[in-house]
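Everything on this sheet refers to the single structure shown next.
None of the values given here were measured: they were computed from a predicted structure. The chain is numbered in sequence order, starting from 1. Atoms within a ligand are numbered from 1 in the order they appear, just like the ligands themselves.
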Amino acid sequence: MVILMLGAQGTGKGTVAGILSKKTGWPQVSTGDIFRKNIAEETDLGIEANKYIAAGNLVPDDITIPMVISRLNEKDAQEGVILDGFPRTVEQAEKLDEILKTQNKKVDLVINLTTPREEIITRILNRRVCSNQNCKATYNLTMHPPKKEGICDNCGFKLIQREDDSNEESIKNRLNIYNKITSPLVEYYKQKNVLTTQEVSEVINHLGQDVAEEVYNEYIKK
Ligand code: AMP
């Protein structure tokens with residue numbers, strides 16, 4: 001089953017994808033995480049991608065698409081996969097359809113998360129991530145703080161703030177790009193009858209964990 005996460009930054013795509021990945025055993029493929037791993041390891045791809053990421057811009061397709069194709073061809077992604085952060089443009093969505101077609105697959109479920117804008121900005125500013133690239137646990141200083149300040153509960157590594165989360169200009173740029181370039185994908189997948197929209201908000205006490213449970217029970221569980 002091919003599942004996609006859609007939604008602006010800070011809506012909880014990573015949280016929902018992570019829970020669904022544990023429940024199904026299918027890998028969570030996050031393009032942002034793959035880029036960050038390459039940046040930490042200072043690979044050529046990482047150095048090139050970071051020029052765009054630090055400013056909050058999209059990494060060009062000639063870097064992003066081959067990276068996704070090679071990840072989708074890996075053995076662990078054959079039975080099912082949860083894509084988080086790809087596609088981000090209609091062109092990428094069309095390309096994904098082409099790639100999946102060659103494997104006799106299609107996008108089966110798109111989980112679109114929505115959150116009020118003010119809540120998104122506060123969440124991104126409060127987001128901390130584990131510096132261990134093999135752990136990648138995410139915390140929120142107010143909603144989901146670590147037990148010990150600055151330290152990951154799972155693996156004991158230091159928590160850090162993503163460079164693109166610490167800079168308000170970059171956050172606003174990413175949200176604008178989402179609204180202009182990525183949000184048309186909602187209509188794209190609605191047309192294909194594979195979209196479910198879920199609100200994630202503290203105000204209505206409906207968070208990523210709740211969405212993951214509900215979507216799993218309704219659409220994924222056999
Ligand atoms: P994320 O962790 O999903 O917020 O991604 C972090 C950054 O990686 C984004 O702001 C983009 O610069 C880049 N990125 C991630 N996914 C893509 C994609 N599908 N296309 C282009 N750039 C991407």
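- At least one heavy atom of Arg36 sits closer than 4.0 Å to an atom of ligand 1.
- Near Thr31, with a cut-off below 4.0 Å to any heavy atom, the atoms of ligand 1 are 15 (C), 16 (N), 17 (C), 19 (N).
- Residue Gly56 has no N or O atom closer than 3.5 Å to an N or O atom of ligand 1.
- The ring-ring contact (aromatic ring centres under 6.0 Å, His included) test applied to Tyr139 returns His144, not counting sequence neighbours.
- Regarding atom 12 (O) of ligand 1, its nearest protein heavy-atom neighbour is Asn57 O, 2.6 Å.
- With sequence neighbours excluded, no residue satisfies salt bridge (charged side-chain N to carboxylate O under 4.0 Å, His left out) with Glu163.
- With salt bridges taken as basic N to acidic carboxylate O contacts below 4.0 Å, one links Lys23 and Glu213.
- Less than 4.0 angstrom separates some heavy atom of Phe86 from each of these atoms of ligand 1: 19 (N).
- Using a 4.0 Å cut-off between a side-chain N of Lys or Arg and a carboxylate O of Asp or Glu, Lys101 and Glu98 do not qualify as a salt bridge.
- Here the protein heavy atom with the shortest distance to atom 4 (O) of ligand 1 is Arg162 NH2, 3.1 Å.
- Regarding atom 14 (N) of ligand 1, its nearest protein heavy-atom neighbour is Phe35 CE1, 3.6 Å.
- At the shortest separation from atom 22 (N) of ligand 1 among protein heavy atoms lies Val59 N, 3.0 Å.
- Among protein heavy atoms, the minimum distance from atom 1 (P) of ligand 1 is reached at Arg88 NH2, 3.5 Å.
- Those atoms of ligand 1 that come under 4.0 Å of a heavy atom in Gln92, given as number and element, are 18 (C), 19 (N), 20 (N), 21 (C).
- Of the charged side-chain nitrogens involved, at least one lies within less than 4.0 Å of a carboxylate oxygen, so that Asp165 and Arg174 count as a salt-bridged pair.
- Between Arg123 and Glu119 there is a salt bridge, since at least one side-chain N of the basic residue sits less than 4.0 Å from a carboxylate O of the acidic one.
- Considering Thr31, Thr182, Asp61 as possible partners of Gln92, the one that fulfils the side-chain hydrogen bond (donor to acceptor under 3.5 Å, both in side chains) test is Asp61.
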